Amino acid sequence: MTATTGSSRAGDAPGRYQAVHQRSLADPEAFWREAASAVEWVTPPGDRVLDDTNAPFYRWFPGAELNTCFNALDRHADGGRGAQLALVYDSPVTSTQRRYTYRQLRDEVSRFAGVLAGLGVGRGDRVVVYMPMVPEAVIAMLATVRLGAVHSVVFGGFASHELAIRIDDARPKVVVSASCGIEGARVIPYKPLLDAALDQTSFPPEHCVILQRPESQAELAPGRDIDWSEALAAASPTSCTTVAATDPLYILYTSGTTGVPKGVVRDHGGHAVALAWTMSNVYGMSPGEVFWAASDVGWVVGHSYIVYAPLLVGATTVLYEGKPVGTPDPGAFWRVISDHGVSVMFTAPTAFRAIKKEDPSGRYLDAHDISCLRTLFLAGERLDPDTYEWASKLLGIPVVDHWWQTETGWPVAANCLGIEALPIKAGSPTKAVPGYDVRILDDAGHECPAGTEGSVAIRLPLPPGTLTTIYGDDERFVRSYLSRFPDYYQTGDGGYVDEDGYLFIMGRIDDVINVAGHRLSTGSIEEAVSQHPDVAECAVIGIADELKGQVPVGFVVLKAGVGRDQDELADEVVALVRQRVGAVASFKEAIVVDRLPKTRSGKILRATMRGIADRAAVSVPSTIDDPVILDEIRDALTRRGA
Ligand code: COA
Ligand code: AMP
């Protein structure tokens, strides 16, 4: 296929990737100006594409105006794709399939925008969306954007405390939620979690709009809660509000090293331009084709590749409310691909590990024709070579590892199939995507030679569509990402570049862990554990897990004089984390120990504990208070079979 920016032409010569990448760095303004032609603007970008007057706060497309919802829906609905499918909802957990054409989706979004406008939502206001994987989640997001308001989607697997923290930070005018989510065969009532969060928050919204699902009806609070269907029936269509390209589009909270999540802010113009560019250039997608990202709208993958990118380019997106296994069997993914004619699929390696575990020979594939599938993209966590080999062999198509993060919003390293397919190296997400100048830095900020591990950093300015700041906290944005290495964005990952320029990501160098492709902060789990009245102190670390990549394990020191049954106490701590952080934490193990390893100044040696758990060579810091404690940790881990 031919990529769509002027930077890409048919009949590619070898080395094309390198040429495009170099051009993107040598003249970023020209590169992104050209890419901007894929978007319909109210006021097109002028001569100045990058505003660097307030560095390190760079802004793309200053002075330009647009509406992202118009670009995702209206221009297709009214421009020849009105009858084409925009969104296919496939829900094995409710035995439902629902299809929306571009016209139908636009009309629903436009009316739901009327509901929100009627509740006083306008440009710049925040709307929190706490929803399961139903089309109404996408409708709520796009309706918010239609009004020039800012959505903040909170993943449904988070419990009330995490939801409350996000509500307190975003201070939404309205929360949109549903009566329940469905996890396999279990109905999970969402409304009690929302109500508990609203009891905790200092900034409750004026209204909640609740989608009542047939599986569970929620009680609505008179005056505050509004029934989705009734409100929609009474609402009028509402047109798109023009906003500045630099206006905020959404806030998405992600785990940092502390228990306080970071509200990643993305803007309208850069986001629309960059995401449209990736669909053809990275994923090799054409308008009209079907793209399926098996993720959740609560994560960045869901934002970028379930909702925005496919719709921005006039493709069809699949919204799947199910799991890779158990809904009903490990053939679920093959069934969805075949039913909906999926051309390109995106998911996390853990999903394939789950399928491989239940169907190692891949016999469930025999019942489905998935010849429509051209490429499988995997991201969200390290793609282990076993899973890569298994998936490649089973599917017989390119399996492409690519690496990015909530902050970047789109791939930083990938095999850009729409530009030039490079040879795949197992274990590597290939090379930096055009727009990104990726460097490996040592502790002193000097570039590491090929093959030497260091901090993975990106030279500023970051390309369009990446985070512009942390919501309400410019200082934290600079402190978290830009202060460690001047002129660079610090990704938080460690890795190296090999002699051929291929990037290898070795994992986080901070206290962020990755559980089943879900990014979690050990800090927030520790905060929850510490709430237990018998716990004096604790440390939570990520430990390798065959299915989920990592799982959190807590080491707990009890208060002096507490004579409790250790198993009973561990169960209480596990229940507490589930109640405060949510089931998604997958926190199932708390180990009671006498002491934690610390430096003489009292800092808990989490990295050393991680090293022991990974059976890596551990260099014991000279500042350690009492090295004997490490043996206790080692014994505890050996007992659990780590
Ligand atoms: N609402 C409520 N609860 C949720 C939830 C949601 N949206 N999402 C997950 N949970 C719950 C799960 O039911 C599970 O509860 P349990 O401990 O009672 O069983 C818990 O949170 C942990 O979820 P998860 O880690 O996803 O484990 P799982 O056993 O349900 O499924 C996989 C494991 C591998 C099948 C699943 O994680 C998966 O498909 N992952 C790959 C795709 C993906 O989502 N990637 C994310 C980023 S790309
Ligand atoms: P998130 O912000 O939830 O998307 O998580 C981003 C983090 O997941 C990155 O910083 C990496 O640590 C990890 N990650 C994502 N994709 C990959 C990949 N392809 N290989 C290795 N790690 C990855």
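Since the model is a prediction, treat every value here as computed from it, not as a measurement. Remember, it's 1-based here, ligands and their atoms both numbered in the order they're listed.
Residue contact check: Ile505 has heavy atoms under 4.0 Å from atoms 21 (C), 22 (N) of ligand 2. Each of the following atoms of ligand 1 lies closer than 4.0 Å to a heavy atom of Ala516: 25 (O), 37 (O), 40 (N). Remark: ligand 2 atoms within the under-4.0 Å shell around heavy atoms of Asp401 are 18 (C), 19 (N). Close approach of ligand 1 to Ser295 (heavy-atom distance below 4.0 Å) involves ligand atoms 46 (C), 47 (C), 48 (S). Within ligand 1, counting atoms from 1 as listed, the ones closer than 4.0 Å to a heavy atom of Gly517 are 46 (C), 47 (C). Short contacts between ligand 1 and Ala294, defined as distances under 4.0 Å to a heavy atom of the residue, involve ligand atoms 42 (C). Atoms of ligand 2 found under 4.0 Å from any heavy atom of His402 (numbered from 1 in listed order, with element): 16 (N), 18 (C), 19 (N). Residue Lys588 has at least one heavy-atom neighbour below 4.0 Å for each of these atoms of ligand 1: 17 (O). Short contacts between ligand 2 and Thr406, defined as distances under 4.0 Å to a heavy atom of the residue, involve ligand atoms 1 (P), 2 (O), 3 (O), 4 (O).
What sits closest to atom 6 (C) of ligand 2 on the protein, heavy atoms only, is Trp404 O, 3.6 Å. The protein heavy-atom contact nearest to atom 12 (O) of ligand 2 is Asp493 OD1, 2.6 Å. In terms of protein heavy atoms, atom 8 (O) of ligand 2 is closest to Asn514 ND2, 3.2 Å.
Contact annotation for Arg353 and ligand 1: no heavy atom of the residue comes within less than 4.0 Å of the ligand. Of the heavy atoms in Glu381, only backbone atoms (N, CA, C, O) come closer than 4.0 Å to ligand 2. Residue-level proximity to ligand 1 for Arg578 is carried by the side chain, the only part with a heavy atom below 4.0 angstrom. Using a 4.0 Å cut-off between heavy atoms, Ala583 contacts ligand 1 through both its backbone and its side chain. If you look at Lys548 next to ligand 1, the close heavy atoms, those under 4.0 Å, all belong to the side chain. Neither the backbone nor the side chain of Val512 has a heavy atom within less than 4.0 Å of ligand 2.
Here the closest heavy-atom approach between residue Tyr489 and residue Glu407 is recorded as OH-CB, 3.1 Å.
Across the listed options Phe352, Tyr130, Phe155, Trp299, Phe155 owns the non-hydrogen atom lying nearest to atom 8 (N) of ligand 1. Comparing heavy-atom distances from atom 15 (O) of ligand 1 across Glu183, Glu321, Arg186 singles out Arg186 as nearest.
The cationic atom of Arg166 (NZ for Lys, CZ for Arg) lies less than 6.0 Å from the six-membered ring centre of Phe158 and within 45° of the ring axis.
Among pairs with a residue in residues 320-331, those fulfilling side chain to side chain donor-acceptor pair (under 3.5 Å) read Tyr89-Glu321, Ser91-Glu321, Glu183-Lys323, Arg213-Glu321, Tyr320-Thr327, at least two apart in sequence or across chains.
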